[in-house]
Visitor: 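Shown below is the structure under consideration.
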Number of protein chains: 2
Amino acid sequence: MAKRTSSGPEVLLGLLTIESMSGYDLGQLIHDSIHHFWNESYGQIYPNLKQLAASGFITGKKEKQQGKPDRQIYSITAKGRERLAAWLQIEPQPEVPRNELLLKMFFGSKASPATIRGYVDQMVERESAALQIFSAIGKQIVSQPQYPDTPYWQMVLRFGQLEVESHLRWAQESLAALRKLEQKRPAPPFRKEKPHATK
Amino acid sequence: MAKRTSSGPEVLLGLLTIESMSGYDLGQLIHDSIHHFWNESYGQIYPNLKQLAASGFITGKKEKQQGKPDRQIYSITAKGRERLAAWLQIEPQPEVPRNELLLKMFFGSKASPATIRGYVDQMVERESAALQIFSAIGKQIVSQPQYPDTPYWQMVLRFGQLEVESHLRWAQESLAALRKLEQKRPAPPFRKEKPHATK
DNA sequence: GGGTGCATGTAATGGGTTACATGATTCT
DNA sequence: AGAATCATGTAACCCATTACATGCACCC
């Protein structure tokens, strides 16, 4: 009795309600706009599109271009909209968390505080960059005409902003704590330590 | 040239530095203690343990019990500690985000605000429950003797707390916004709407 | 008698990333 | 000259969840 959700095809359907697009465009759009909460690789997108077209959820038209390779432009059908609507009625399942940074930090006493600090530093960089992108997306949304989608897009964006802010606050706290740990046990001493202290 | 990290075996090694345990115990501990940032199913744990033992990273001893099935108690070896230490030196890769709730909310205009509100309500329940668990874990950590792990465990826990708090704040905001949307377009009217408004 | 917990494991199945393949154009 | 972008697709592989299998004991 599996709760197969998978959502892969439905993202594509959803994005095609905004505009008809090629697989390549969909990939770009996913990367540029919803990357902070969803991702699809081309290895998924192209086969999914093929299958969706074969089942009549979308239709494709070949578009010739000069200089560039041909594009397949897909449009959602009425049947596709039905499938999307049905999928929206299914309770979203919370994703299984897998945060490698936290995992390594959990075992941080087996490395040096400096190593872990380096990882937190990198996280700060990544998340700060994300904040920049968010504010750019935010400006784009408000400058656009008001679609019925607009309020939803704003909520989703706001999630990212609040979450990132909490991550950055945490990072500041943690960096301070790690610096304290470094002072206590100042950079690894010369003698080799046998690893049985924990037990 | 794949950046194979996978971390599956290393979690087990890490947890075995705390104490020697059976596969079943490891599963329990993962579920009870690090569930908010990592997860492993038994379908992964048992095969991984077998392989780790075959390669000499851990050793297993059979322990007979009365009434209950036999247990295989695994202990980490020096070689295992080396592998763990080496893994800790590898930069953690940020996980690929996949948040189904946000995805459905992004396409929220194709459902009703009430549907989406229901999903947010459920999220509030889940995350509030998580907060309770966190505070219980927090008390447990401070009441324990101070291992070298303690400060790291506290940082990791704090991450969860701050993140959940941000989620709950977001949920409150969003619920308010959704209620407003419901008033504007009060519960679906009787006439059927054709779905071309977006285009 | 039936469900739940302890305990270990395998097999089927399905997702998803990465690498590879192709080929023209444009930018550095 | 070589890298990057546009554009589509396939195949290999890996990772992970779920279901299934077994079997005893304890509780309701």
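This one's a predicted model, so the numbers in the text were calculated from it and none came from an experiment. Chain letters run A, B, ... following the sequence lines, proteins first, then strands; residues in each count from 1.
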Visitor: If only side-chain N and O atoms of B/Arg98 are considered, is one of them under 4.0 Å from the OP1 or OP2 phosphate oxygen of C/dT17?
Guide: yes
Visitor: Please state how far atom CD in A/Gln44 lies from atom P in C/dA19, giving the value in whole angstrom units.
Guide: 16 Å
Visitor: When you compare the side chains of B/Glu40 and B/Trp38, does any donor N or O come within less than 3.5 Å of an acceptor on the partner?
Guide: yes
Visitor: Look at the side chain of B/Ser41 and decide which nucleotide, out of C/dG15, D/dT17, D/dC6, has an atom nearest to it.
Guide: D/dT17
Visitor: Between B/Glu10 and A/Lys104 (salt bridge meaning N to carboxylate O under 4.0 Å), is one present in this structure?
Guide: no
Visitor: Can you sort out which residues in residues 30-37 of chain A have a heavy atom within less than 4.0 Å of DNA chain D? Ascending by number, please.
Guide: none
Visitor: Tabulate atom names and distances for all N/O pairs under 3.5 angstrom spanning the protein and nucleotides 8-11 of chain C.
Guide:
unit_1, atom_1, unit_2, atom_2, d
C/dT8, OP1, B/Gln72, N, 2.8
C/dT8, OP2, B/Tyr24, N, 2.8
C/dT8, OP2, B/Tyr46, OH, 3.1
C/dT10, OP1, B/Lys50, NZ, 2.8

Visitor: Atom CD1 of A/Ile45 and atom P of C/dG15: how far apart are they, to the nearest Å?
Guide: 16 Å
Visitor: Whole Å only: how far is the CG atom of A/Leu29 from the P atom of D/dC6?
Guide: 14 Å
Visitor: Atom CD of residue position A/Gln28 - does it have more than 12 heavy atoms of other residues, nucleotides or ligands inside 6.0 Å?
Guide: yes
Visitor: Tell me, please, which residues at least two apart from B/Gln122 pass side-chain hydrogen bond (donor to acceptor under 3.5 Å, both in side chains).
Guide: A/Glu91
Visitor: Do B/Trp87 and B/Gln89 have a side chain donor and acceptor closer than 3.5 Å?
Guide: no
Visitor: In whole angstrom, what separates B/Gln28's CD from C/dA7's C1'?
Guide: 10 Å
Visitor: Does a side chain donor of either A/Trp170 or A/Ser174 reach within less than 3.5 Å of an acceptor in the other side chain?
Guide: yes
Visitor: Ring pair (Phe, Tyr, Trp, His ring centres under 6.0 Å) with A/Trp153: which residues, sequence neighbours excluded?
Guide: B/Phe106
Visitor: Report the distance from atom CG of B/Leu26 to atom P of C/dA7, rounded to the nearest whole Å.
Guide: 12 Å
Visitor: Could you tell me the separation between the CD atom of A/Glu95 and the P atom of D/dA16, rounded to a whole number of Å?
Guide: 15 Å
Visitor: Looking at five pairs on each end of the helix from C/dG1-D/dC28 to C/dT28-D/dA1, what is the angle between the two axes, given to 10 degrees?
Guide: 30°
Visitor: Is the number of heavy atoms from other residues, nucleotides or ligands under 6.0 Å of A/Gln144 CD greater than 12?
Guide: yes
Visitor: Can you pull the side chain to side chain donor-acceptor pair (under 3.5 Å) pairs that have at least one residue in residues 124-136 of chain A, sequence neighbours excluded?
Guide: A/Glu127-A/His167
Visitor: Whole Å only: how far is the CG atom of B/Asn39 from the C1' atom of D/dA16?
Guide: 10 Å
Visitor: Closest heavy-atom contact between A/Ser20 and A/Ile73?
Guide: CB-CG2, 3.9 Å
Visitor: Mark yes or no for whether A/Thr77, through its side chain, and A/Phe57, through its backbone, hold a donor-acceptor pair below 3.5 Å.
Guide: yes
